[in-house]
Amino acid sequence: MSQTKQTEEKWLRYWEAAHLFEADPDPERKKLLVTFPYPYMNGPLHVGHAFTATRVDVYARFKRMQGYNVLWPWSWHWTGQPLLAASNRVKKGDEIYIRLLREVDGVPEAELKKFADPLYMAQYYTNEGRAAARAIGFSIDWRREFTTVMPTYQKFIEWQYTNLREQGYVSKGTHPVVWCPKDKSPTGDHDRQIGEGVTPEEYILIKYQLDERTFLPAATFRPETIYGVTNMWINPDATYVEAAVDQENWIISQEAAEKLREQEKKVEIKRALKGRELIGKTFTNPITKAKFPILPGWFVDPKQATGVVYSVPAHAPYDWLALKDLQGKPDISAEFGIDPKIVQQITPVSLITLEGYGRFPAVEIVQQMGVKDQHDPKAEEATKELYKKEFHGGILNESCGPYSGKTVRDIKDVLIRDFKSAGVADSMYDLPQSVVCRCMTPCVVKVLSDQWFLNYSNDEWKAKAKEAVAGMKVFPQTASSWFIAVIDWLKEWACARTTGFGTPLPWGKGWIIETLSDSTVYMAFYTINKHIRQHGIKPEALTREVFDYIFLGKGDPPAISENAGLHLDKLNGMREEFLYWYPFDLRVSAKELVPNHLTFCIFHHVALFPRNLWPRAIGVNGMLLIEGKQMHKSKGNFITMKGAVERYGADATRCALLLGAEEMDDPDWRSDNALDLKSKLESWRKFAHDICSSAKNEKVGHLEKWLLSRLQKRITTVSESLEELKTRTALQVAFFETWNDFRWYIQRNGKADAVALREASQIWIRLLAPFAPFTCEELWNSIGAKGFVSLAKWPKTEEQMIDLAAEENEALLTDLIDDTLNVVRATKITPRHIFYYTAASWKHRVYKIVLDKAKAGEILMGEIMKTVSADPELKPHMKDAAALIPRLIKTLNKIPQERKRSIIRTEGINENRVFTEALSFLRERFNSEITVFSEEDKEKFDPKKRAQLAIPAQPAIYIE
RNA sequence: GCGGGGGUCGCCGAGCCAGGUCAAAGGCGUAGGCUUCAGGAGCCUAUCCCGCAGGGGUUCGUGGGUUCGAAUCCCACCCCCCGCACCA
């Protein structure tokens, strides 16, 4: 076992022996409940989980050190389909999949065999996951752990849904889904062989009349074009059927008849016919009652919607092309028994006015784009383009009856509603592209009836959800508008399924609560699961009344206790513990959960709980990339949490993840970085340890004061950043920037034996403890500090330690070095002797005047001159002062406001002394002799007359 | 298409909301030096261009605009990433 591993194991044991992270209610301390969405257990935890969870852990550890009673619980999601699917693949001996389990997940051969049992598989990954979460050092209270198939948990979900339904948030309805006829279940993206991302589209069917009792339902996305119809297109070679559809007589393609059967339509096929049988007949526009011919159109696809298409050549490029084509070939019309004259006479009918186009945009666009005929691929492009333009900018013209003058965009939905209620339109769903199930069966659209929905369309519910967002903190703030957008956008969500693991719907036989819908308020369950486990409370005792009392305070406890057979003390204990911890104070996840889980979580909280128990804060972060690419198990770039911790150690893994990104940016995991961090942490440990063990020098000079002063600023930045979950900034400052302060100190001082340094290190170690807990515990212990650093007091900014003079002193020096280096660079001299000349005292006097004016606001030359000339001591320098002042103003303008303030407050710093005291440091720094003069020194060596250039805070320089 | 987030000096990334402090933090990489038996680690220095004196020039996706002044504000455009549902 490696050194790192041993150290980590040691501290894990100590923490556990001390029950360090087990949190119980303590009225004396402020509580903090932080949560991480429980991971789904069809695979191992990976570094993506680790990234988000480390952010939670860092926050938890930070707050714990600040004295909060912090509870961080963890659990496992087993509900849903994928676990079954995964297990099935093992059972079926799917070689590719099994290899991934073996090689990526590292599942031993003996275990692999048992994966035919999905519950065993879940248990295996849960055990692995728990070990990984422990090993990386998450400060979790494991006493509250559960899985989502436990009966006690399921009682909780039952309670949740019973209440949701009673309040009217659950309803029954129908919904179109992509459906596999063989599996008899919806085919989600993950279950598809072909057709990822394809969703059902709703076509409007215009019921044109063929005769008194027969309809030709033509499918369209643009029902408004009914006012421009000129003819119908039927594919003469395709097979159509005449069928009774919901007691009406329809002619549609054979395929369409099958599809409609899955869409809540009763379909009885009477007879089949070839399309050519219809060609040459006429049909009636149900709105205008005008009659038009049916013409042959080979481009009509019987597999698409109804296989019946009406023609609008003024606005549809395909229709125009097909018409032109047919007009050019009179023999074809004749062949179908159509008088070619009738075809010749067809002219486009305009119905939409579109800026930039004449009356027949389709004709124009075909010309512009040079589309040859209906088989030209550009026809598709032209169609899309025109459709878009007419939808966004088109206005219905005078031919459109009651809809004239309206924009297409505004009127479309109204028009559809009107047509449907007038009985001239219907609708059907179809897939824009083919979808094939993993089982190789082509999918269709099925309209599910008796489907249970969460009513996210409910406006009152939406309003409350928005109120919750407004009332909580969202990290980063920009995510807040996203939540609002999602709340607006969400509509009915099917919350039950017929397959997979999950809690049975309390009132619906055969239905199981869908997995995203059973994971919305379970954070409340953590608060009581400790009791359930410790007291062995049986699921039967967890009745609705029991939960109503625990979570809502409803009912009479003795009676409830009696009825449920649950001891009153236990019941009250759970109520108290819930009230102590709830609501949760922070939930963090990757941004992919914003449009679903996190928003559901908000919805369900506002539905079930009173306002004071609504979420307090939600944090969102990016999705982890591996070496710049998306993490994919099947593509080989997949790193498990366990693997990372084994290779780089827990602390390096945590730090490498946190330094990747913050806010919603996607962090990038680079193994080089993790490796580098590992050695950096180790050398930091040595560095800090050496400082602490060599501390003996009691002197507290200005350098010690400087370091402690800088440290105060670091404490402030780290604390403030963590408060806003800016974990990257916090770690960067706590680790690298603080380290740079120490480096400067050592450079300046030459040695690191001051007692003050040990004090500083102790602050530093605590600042880093949330990020690198193992290294910090080890250090804390090795320097002889008492107790666990995990429980040590978080450093507080001590105002009295801030020493502006010390900081200004060092700033003068760094400025001097920068200037000197600049000169060296420009002149390419290798300095042998550097001479500095600090400004004459009268210049400092002027400087102060200018500074005072600068503080007051605008710097006015005239006013400054007035003040200067009023000063008797400056009388002899009036002429020089006039030249000096503009220079001073220019220099001061370059200085940050904050620095200006500190210069003013530390006025009277003796530059000569500062530089003289740093003489040996400067000598070493430039490997050159250094001499410091004052401009006023009579004896100074100044061959190039540089001294007179000196101004305060910027000595003149001469190098030879 | 709709919604959300972005494009910064080799890379990763701060800065942008509250304009001047910005040639622009920090880390990585690279180069040189110190240390070391050597390697690694550590430490120091440099890292947009020009400059024999602390200065100048050109930069923050592109093009305009506001302003004494723009990486930051406004407008238009281009490009990238994520989500769009019954699925975790």
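Given the structure is predicted, the values throughout are model-derived calculations rather than measurements. In what follows, chains carry the letters A, B, and so on, assigned in the order in which the sequence lines appear, proteins first and then strands, with residues in each chain numbered from 1.
Between Phe603(A) and Tyr456(A), the ring planes lie tilted relative to each other; the angle falls in the 30° to 60° range.
Residues Glu380(A) and Thr383(A) have side chains that never bring a donor and an acceptor to within less than 3.5 angstrom of each other. For the 3.5 Å distance criterion, the side chains of Trp78(A) and Thr126(A) qualify, holding a donor opposite an acceptor. With hydrogens and angles left out, the side-chain atoms of His833(A) and Ser928(A) include no donor and acceptor closer than 3.5 Å.
Across Phe771(A), Trp684(A), Phe735(A), a single residue satisfies ring pair (Phe, Tyr, Trp, His ring centres under 6.0 Å) together with Trp764(A), and that is Trp684(A). Applying side chain to side chain donor-acceptor pair (under 3.5 Å) to Lys591(A) and the options Asn621(A), Thr52(A), Asp666(A) leaves one that passes, Asp666(A). For the salt bridge (Lys or Arg N to Asp or Glu O under 4.0 Å) test with Asp741(A), the passing option among Arg710(A), Lys713(A), Arg748(A) is Arg710(A); the others fail.
Listed nucleotides A85(B), G4(B), G54(B) differ in distance to Trp493(A); the shortest reach to its side chain belongs to A85(B). Counting only heavy atoms from C-beta on, Asp819(A) has its side chain closest to G54(B) among G26(B), C86(B), G54(B). Nearest nucleotide to the side chain of Pro186(A), out of C86(B), G54(B), C11(B): C86(B). Checked against C86(B), C28(B), G27(B), the side chain of Glu514(A) finds its nearest nucleotide in C86(B). Nearest to the side-chain atoms of His175(A) among the listed nucleotides C86(B), A85(B), G83(B) stands C86(B). Between G6(B), A85(B), C86(B), one nucleotide has an atom nearer to the side chain of Thr478(A) than all others, and that is G6(B).
Across all strands shown, nothing is found opposite A25(B) as a Watson-Crick or G-U wobble partner with both distances under 3.5 Å. The partner of U36(B) cannot be assigned: no Watson-Crick or G-U wobble pair with both contacts below 3.5 Å exists in any strand. Pair check for G69(B) finds none; no Watson-Crick or G-U wobble contact set falls under 3.5 Å. Checking G19(B) for Watson-Crick or G-U wobble geometry (two distances, each under 3.5 Å) identifies no partner in any strand. Partner assigned to C84(B) is G1(B), using Watson-Crick or G-U wobble distances below 3.5 angstrom. Pair assignment for A14(B) gives none, since no Watson-Crick or G-U wobble pairing has each distance under 3.5 Å. Base pairing analysis places U30(B) opposite A46(B); the two distances defining the Watson-Crick or G-U wobble pair are each below 3.5 Å.
Whole-Å rounding puts the Leu454(A) CG to C86(B) P distance at 15 Å. If you measure from atom CG of Leu625(A) to atom P of C81(B), you get 11 Å, rounded to the nearest angstrom. If you measure from atom CG of Asp818(A) to atom P of U45(B), you get 11 Å, rounded to the nearest angstrom. Note: CD (Gln81(A)) to P (C86(B)) measures 13 Å, nearest angstrom. As rounded to whole Å, 15 Å separates atom P of A88(B) from atom OH of Tyr522(A). For the pair Leu821(A) CG and G55(B) C1', the interatomic distance rounds to 15 Å; values are reported in whole Å. Taking atom NE2 of His632(A) as the reference point, atom P of C81(B) lies 13 Å away to the nearest angstrom. Put simply, CH2 on Trp669(A) is 20 Å from P on G27(B), counting in whole angstrom units.
In terms of modelled atom types and a separation under 3.5 Å, the side chain of Asn637(A) and the main chain of Gln630(A) share a donor-acceptor contact.
Side-chain to base pairing of Gln732(A) with A25(B): one donor and one acceptor N or O lie within less than 3.5 Å of each other. Contact annotation: side chain of Asn822(A) to base of G54(B), donor-acceptor pair absent below 3.5 Å.
A close approach under 4.0 Å does occur between a side-chain nitrogen or oxygen of Asn740(A) and OP1 or OP2 of G27(B). Residue Gln630(A) has no polar side-chain atom (N or O) positioned under 4.0 Å from OP1 or OP2 of C81(B).
Nucleotides A14(B) and G6(B), compared at atom C1', are 15 Å apart to the nearest Å. Rounded to whole Å, the C1' atom of G15(B) lies 8 Å from the corresponding atom of A25(B). One C1' atom belongs to C9(B), the other to C60(B), and the distance between them is 8 Å to the nearest Å.
Along RNA chain B, the nucleotide nearest Val486(A) and the nucleotide nearest Thr499(A) are compared for position; the residue whose nucleotide lies closer to the 5' end is Val486(A). Sequence order on RNA chain B of the closest nucleotides to Asp668(A) and Cys495(A) puts Asp668(A) first from the 5' end.
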Every protein N/O lying under 3.5 Å from an N/O of nucleotides 42-44 of chain B:
unit_1 : atom_1 : unit_2    : atom_2 : d
C43(B) : OP1    : Arg743(A) : NE     : 2.9
C43(B) : OP1    : Arg743(A) : NH2    : 2.6

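Salt-bridge annotation for Glu960(A) and Arg832(A): absent, with no side-chain N of the basic residue lying under 4.0 Å from a carboxylate O of the acidic one.
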